[in-house]
A.B. asks: 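Sharing a structure, written as structure tokens. Questions coming.
Owing to the predicted nature of the structure, the values given are computational and were not obtained by experimental measurement.
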Amino acid sequence: MLTEDLPLFPFRSPGDNPFTPVTGTDLRHLDGPVTRVRLPTGGWTWLVTRHADVKQLLRSDAFSADMSSPNFPLLRPAPNGPRNRSGGFIRMDGDEHLRLRRMLTAEFMIKNIRRIEPLITDAVGSSLDALAAAGPPADLVEHFALPVPSLVICHLLGVPYADHAFFQQRSAILLDQSADPLKLRDAIGELRGYLADLIEARRQQPAEDLIGRLVTERVATGELDAEELIGMSLLLLIAGHETTANMIGLSTLLLLQHPEHLAALRDDEDLADGMVEELLRYLTIVRTGLPRLARRDVDVGGHTVRAGEPVTALLSLANRDDDVFAGGDDFDPYRQAQQHLAFGFGVHQCIGQPLARAELRIALVRLVRRFPGLALAADPAKLPQRDTSIVFGLAELPVTW
């Protein structure tokens, strides 16, 4: 089959249903667990959709995450000009990836996240106050879902929250698959410049935030150079607020459409951990999947992927796999959903998942308790979606109470 005859990927959610990751038409194009699809760049990739196959792919060293490799499955053209990938360890392999990741592992361990739960609770409380002051009605994305993780990651990193509009606007461009390449290049440059100034300030005046500690303990000792720290900080800043913000927005919309589950969460906080796992599985907001490139010939789902061929692990469909999650297209907050792949799998599994879980749990419980009469203030079928972003979500969520 010619490339131009292949189904186009990424798929889109139905415009009136943000909880369904793939339209029925696109789903019919998938003729097996490993299907060849066309990319907007003119290239193609093998799309892997079954839970077991996605796990195999993501834990195998037969696949590279280095997006600078020729034939890597990019969703948009790379910006022109020199590119600085230093510190962006999610796009690195082997020892280089592990060296940088290990410098952050302790920061995001469960026991350390528990220590900062009072900080998360404070961020949730101040954001709830802001939401109350803005309405009713008010946009929950603007006044609650986005501020909560932004306040937390700013505090952890040592980034001034007063600058949130600056980095939120530019991070949205970085994640937008349809962004103009010049705008993309400028956004990357401006964010790197901003973080370089912040790191230099920490070098001149040490601080106890994460960037300050990395400057003192890693850069000063020669284990890390300043460019690597810029890249690591950029990754944490963007991932630290974009993913959780969109999960809070989408989760709230889903629960508002299931008032029985909303009431259960309000009355019994012990349900929160399990409900968060099911929300992560069911919503799976990284709907463009995780791209990789085969280093050698390898069998995936009964199909031989040749060395040098591109592959994409589609987390959203793997998390609906009926072989693992019976009735996978149904939201069931009482199921055991811990095997979901919303944070990826293997050596690149999201390092910040304990933080994301804590933020979601605290944010959702306190939201439904502060506003027991919370309700939608708009037609749910017409809510604007971030359907060109690598991190799917809602652009707005008008609510009342």
A.B. asks: Determine the interplanar angle of the F167 and H241 rings, folded into 0 to 90°, and report it as parallel if under 30°, tilted if 30 to 60°, perpendicular if over 60°.
C.D. replies: perpendicular
A.B. asks: Without hydrogens or angle criteria, can the side chains of E277 and H340 be said to hold a donor-acceptor pair below 3.5 Å?
C.D. replies: yes
A.B. asks: So that I know where these two stand, are H29 and F11 an aromatic pair - ring centroids less than 6.0 Å apart?
C.D. replies: no
A.B. asks: Got a donor-acceptor contact below 3.5 angstrom from the E228 side chain to the S86 backbone?
C.D. replies: no
A.B. asks: Give a yes or no answer on whether the side chain of T45 reaches the backbone of V311 with a donor-acceptor pair at less than 3.5 Å.
C.D. replies: yes
A.B. asks: Is it possible for you to check whether R281 lies under 6.0 Å from the centre of the six-membered ring of F325, through NZ or CZ, and within 45° of that ring's axis?
C.D. replies: yes
A.B. asks: Would a distance-only check, ignoring hydrogens and angles, find a side-chain to backbone donor-acceptor pair under 3.5 Å from D268 to A264?
C.D. replies: no
A.B. asks: Does the side chain of Q168 come under 3.5 Å of the side chain of S150 through a donor N or O and an acceptor N or O?
C.D. replies: yes
A.B. asks: For P21 and L317, work out which heavy atoms get closest and say how close.
C.D. replies: CG-CD2, 4.3 Å
A.B. asks: Indicate, with yes or no, if the rings of F166 and Y194 have centres closer together than 6.0 Å.
C.D. replies: yes
A.B. asks: Without swapping roles, check the side chain of E309 against the backbone of R306 for a donor-acceptor pair under 3.5 Å.
C.D. replies: yes
A.B. asks: Using modelled atom types and a 3.5 Å cut-off, is there a donor and acceptor pairing between side-chain atoms of D180 and backbone atoms of K183?
C.D. replies: yes
A.B. asks: Would you say that more than 12 heavy atoms from the other residues, nucleotides or ligands in this model lie under 6.0 Å from the CG of D95, or not?
C.D. replies: no
